[in-house]
Protein chains: 2
Amino acid sequence: MRLTTKGRFAVTAMLDLAMRGGKNPVTLAGISERQDISLSYLEQLFSRLRRHELVESVRGPGGGYYLARPLAEVSVADIIRAVDEPIDATQCGGKENCLDEHRCLTHDLWTGLNAHIYDYLDNVTLATLVAKQDECKDKVLQDRRTSKITLAA
Amino acid sequence: MRLTTKGRFAVTAMLDLAMRGGKNPVTLAGISERQDISLSYLEQLFSRLRRHELVESVRGPGGGYYLARPLAEVSVADIIRAVDEPIDATQCGGKENCLDEHRCLTHDLWTGLNAHIYDYLDNVTLATLVAKQDECKDKVLQDRRTSKITLAA
DNA sequence: GGAATAGTTGACTGAAACGCTCGGGAATTT
DNA sequence: AAATTCCCGAGCGTTTCAGTCAACTATTCC
């Protein structure tokens with residue numbers, strides 16, 4: 001498991017898709033503008049997302065991307081797995097020939113940690129995030145209402 | 001939070017230190033040999049670990065490194081924080097001026113995920129890992145005893 | 001049919017990070 | 001003095017990141 005801004009971009013984009021995605025497909029151009037991510041970079045990311053069957057595409061005018069599955073069935077881990085293909089940090093390349101205690105050390109340690117991180121990220125779905133996002137939006141609106149704020153200049 | 005092989009190397013090295021560290025300091029040369037990590041690279045990693053006060057050094061013959069704290073007080077997150085200094089994935093650079101829903105989206109999402117991952121890794125200490133490692137060693141020995149094995153050539 | 005839209009693909013690029021080497025230190029022990 | 005070990009900085013080849021550019025195909029609308 002790797003964790004870089006690449007994965008973050010992908011999740012952000014997917015979340016944008018999740019929040020706009022009703023009947024109509026969402027264009028990359030729109031996501032690019034709203035989330036301030038380069039269009040061409042998005043194309044690369046979505047190319048991988050499509051190959052991993054997380055999204056479906058519609059070409060031509062009025063086209064764009066759909067989520068290929070219900071919100072609750074797309075986890076953050078899925079997305080990260082799709083764009084950040086994993087490297088094996090074990091020295092023996094995932095083979096089972098590490099009877100030596102030192103090898104076993106590196107090996108077991110990271111497969112274990114990986115498993116736990118995935119375990120967590122597997123249980124955070126787009127549905128979860130959308131729900132949180134709505135909370136956040138409400139909070140912002142509320143803050144505005146109580147006029148705690150802002151933009152002094 | 002970033003998660004790369006760099007952090008893994010550091011944790012592996014610290015675990016080696018944890019398992020050998022009694023009264024005597026442990027040399028980087030030893031860790032290098034046992035864990036098959038470049039000595040110079042280890043020096044760089046330990047330079048950061050020392051600056052973050054996770055280890056203490058003793059120079060001269062018979063010198064090496066000690067853990068600066070008890071096993072149970074060094075978490076995997078500490079180690080990763082020490083060697084992999086974090087990048088902020090938020091576009092506004094951690095500022096609080098993201099009232100806009102789009103900014104809030106990226107922002108809240110990743111700070112939340114980060115927090116959870118750290119939360120997990122903060123609770124995995126060297127003590128935890130050493131315990132697991134001992135289990136593993138026992139299992140290997142047991143496998144050898146029951147002669148399931150191995151090394152056919 | 002032709003134009004416009006929008007995805008699809010591939011090649012390429014500058015900058016950064018990774019993983020590592022090398023060389024020269026400075027402290028400490030024998 | 002010599003050996004050992006940590007300490008530090010400069011540099012280097014490779015990979016990945018993040019992004020650009022250009023050419024393409026499929027679809028819709030006129």
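Note that this is a predicted model, so its numbers are computed, not measured. Each chain gets a letter, A, B and so on, in the order the sequences are listed, and its residues count up from 1.
- If Q44(B) and L28(B) are placed on DNA chain D by their nearest nucleotide, the residue sitting closer to the 5' end is L28(B).
- The side chain of R50(A) places an N or O atom within less than 4.0 Å of a non-bridging phosphate oxygen (OP1 or OP2) of dT8(C).
- Atom P of nucleotide dC8(D) and atom CG of L49(B) are separated by 13 Å, given to the nearest angstrom.
- The nucleotide whose nearest atom lies closest to any side-chain atom of S40(B) is, among dT21(C), dC21(D), dT28(D), dT21(C).
- The two residues A10(B) and I79(B) come nearest to each other via the heavy atoms CB-CG2, 3.7 Å.
- E56(B) places its CD atom 14 Å from the C1' atom of dC6(D), with the value rounded to the nearest Å.
- If you take OH of Y41(A) and C1' of dC21(D), they are 17 Å apart, rounded to a whole angstrom.
- Rounded to whole Å, atom P of dT21(C) lies 12 Å from atom CD1 of I37(B).
- For E43(B) and dC22(C), the CD to P distance is 13 Å, given to the nearest whole Å.
- Using a 4.0 Å cut-off, no side-chain N or O of T27(B) falls inside it from OP1 or OP2 of dT4(D).
- Summarising the geometry, the separation between CG on L39(A) and P on dA6(C) is reported as 11 Å, rounded to the nearest angstrom.
- At distances below 3.5 Å, not a single donor-acceptor pair connects side-chain atoms of S57(B) with backbone N or O atoms of Y65(B).
- The shortest distance between the side-chain N/O atoms of T4(B) and the OP1/OP2 oxygens of dA17(C) is not below 4.0 Å.
- The phosphate of dC7(D) (OP1 or OP2) has a side-chain N or O of Y65(B) nearer than 4.0 angstrom.
- Under a cut-off of 6.0 angstrom, the local environment of CD in E53(A) is sparse, with at most 12 non-hydrogen atoms contributed by other residues, nucleotides or ligands.
- Rounding to whole angstrom units, CZ of residue F46(A) and C1' of dG19(D) are separated by 16 Å.
- Taking 4.0 angstrom as the limit, S57(A) places a side-chain polar atom (N or O) nearer than this to OP1 or OP2 of dT8(C).
- Considering only residues two or more places apart in sequence or on other chains, Y120(A) meets the ring-ring contact (aromatic ring centres under 6.0 Å, His included) condition with H116(B).
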